[in-house]
Amino acid sequence: MYKLISLGILLLYPLTDSFSQSQIPFRQLSVKEGLSQNSAISIAQDSTGYLWIATQDGLNKYDGRKFSKFHFTFDDVTKPDYSNLGKVYSDKQGRLWIIPIDKVPYKFNPDSIAFEPLSGIDDASVLFQDESLNLWIGTYSSGLFCLGKDSETPKQIMPPSEILGVIFNIAQAPSGQILLTTEAKILEIDPKTTKVSTIVPKTMYDEPIRTNFSDILFDEDGRQWVGTFGDGLYFRDKDQPFFQRIDRLPFTDPLPLQLNILDLHLDKKGRLWVATYGNGLYMIDFGQHKITHFEADKHNPRALHYNDVLSIYEDSSGTLWFGTDGAGISYYDEYLEKFNSLTDYQTPENISIEVVRSIAVDHDDAIWIGTSGKGLTQYERASNSWRTFTRDNRNGKSVSSNRIMSLLVDDKNGLWIGTQGGGLNIYEQENRFDHYNDTSRIPLSANTIWNIFKDKKNRIWLGTREKGLIQFDKEKGEIKKYTSKIDSNRGPPSNNIRVITDDDKGNLWIGTEANGIAKFNMAEEKFTAHRKIEGSNSLSHDNIKSLYYDAKGILWIGTNGGGLNAFDIVAQKFYSYTEEDGLANNVIYGILPDEEGNLWLSSNKGISKFSPETAWM
């Protein structure tokens, strides 16, 4: 039928706290996976691709499957205005360095598989290699050192008297200047002349920012970002002398002011990540002017795993690794996590969204979720609020059944609700469900509504169990009703109508529970049935779950056991695609097109993306 059929299977993974918080799911490496200890103090990747993690009890080498341990321990001290954290660092020449608990810098020798100490320094706090391959070594109280790219011995650049405290971090400005974050000031060094300038950061009102500065970096626009211990995040535009808060920029949400920031990282997509002690993780997306907050959530296994985040590292593949102070590493690989899903783990205690039968989005962007046995749930993304409606025998205006089979939003934002055993409900007024069944003022003969469909002329059609096909109006009731008639084309082939769609000629197409599909010519009120016929070109299965009519005149048919069928209506030919062709499963519950012409198929074994080439044979 097509020159090329491409099938790819993608499974669902849980997402973070809610739709509104984030669509980024985190995975974890902890002692359960073999990490020697759950405080991941510092992380780096070496030139061969191994990941190295410094912990309080060992240096871990990770190959993607298992851990090897080196017997070093690392400092892990964090206070409201100070931190003392061990380091693992990979320089631009592929050399691996560590600063363990004895504060001596060590370089890894891959030939001897051993770490060799760098003589002359026993008080190291941080390592940084500049663009000229000079290695800068900050200390707690011994000043600043530099190891030239061709040197074996570090040289002291600044004595302790010029710094008067700890060097917390080192960075290089776009201009080439070396910057040191220290206690209450930032030092700027010309790497060629070693001339030092002291910067006491001030606000736009000329007020000094009295805090210890934890980290510094520059974004793609040349802005300088500075993290502090306990006083949050500041930035300075490249042409301005003063620092300011991020709420001066057009972002959706400001950052809290008193964040204890331990690490900053600008990823390959230009997003700024902020690691805090006690407040989790923040992501600043400059392109979308959006700040996203990630926190631990015991109900969500794909949330950030701990709120004390010590370090951030991005490896060569773009995977982001976040070292925490009690849950090992949380990591995010966007190429691994193709889908996000919402489960009971992410909803409030009284909200259940398992066994979902139907989904609709209303004109206010609220999501409605119909479940099999747990009622109807509304999720309002703007306010991140949830409500579940269940049957209440004491309230005649509650939803009539907890089994919600189908949903449709009409032109006036009314929600039509097809139930199993409770007839049709329409929700138009707050907390009020109008009922339509065989005993209501406007009667409806069907008690189970499998499908609700609005055709191109805005007529509402109901696919029912045992009551056939019904055209229904909420004011007039049943306009027309079509039921199965033996040896006649004036009725559908079955009274159990599972799914309805229409084509570009104004015909309805129905899928039945066990009798195949049928075209309904509304002008002639005539049904033409198609069923499975052994040994001939026909449907692969008579039990129909889903239908979709595309712009090329192809009716796509999801079956309960026969895979996906394509019916060329003009040529009157059927084509079938099953697990043998690459489908995840032969039961196709739903068919949804995307903007690129792909079909997304839901099944018992995840999601299949069906990508037919556009050229017709």
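Side-chain atoms of Tyr277 and Asn307 form no donor-acceptor pair, as typed in the model, at a separation below 3.5 Å. A donor atom on one side chain and an acceptor atom on the other are not found under 3.5 Å apart for Thr324 and Asp308.
We find that Arg245 and Asp231 are joined by a salt bridge, their nearest charged nitrogen and carboxylate oxygen being less than 4.0 Å apart.
Here the closest non-hydrogen pair linking Ser142 and Asp123 is OG-OD2, 3.1 Å. A pairwise comparison of heavy atoms in Gly94 and Ser47 identifies O-OG, 3.7 Å as the closest pair. Of all heavy-atom pairs between Leu85 and Lys87, the closest is O-NZ, 2.9 Å. Across all their heavy atoms, Ala124 and Pro105 have their closest contact at CB-CG, 3.8 Å.
Shown are Lys238, Gln240, Arg236; of these, the side-chain hydrogen bond (donor to acceptor under 3.5 Å, both in side chains) with Gln224 is made only by Arg236. A side-chain hydrogen bond (donor to acceptor under 3.5 Å, both in side chains) with Ser36 holds for exactly one of Thr73, Thr55, Asp57; it is Thr55.
Between Tyr140 and Tyr82, the ring-plane angle classifies as tilted under the 30° and 60° cut-offs. The aromatic rings of Phe108 and Phe115 lie tilted to each other, with the angle between the two planes from 30° to 60°. Phe70 and Trp52 have tilted rings, their planes meeting at an angle from 30° to 60° on a 0 to 90° scale.
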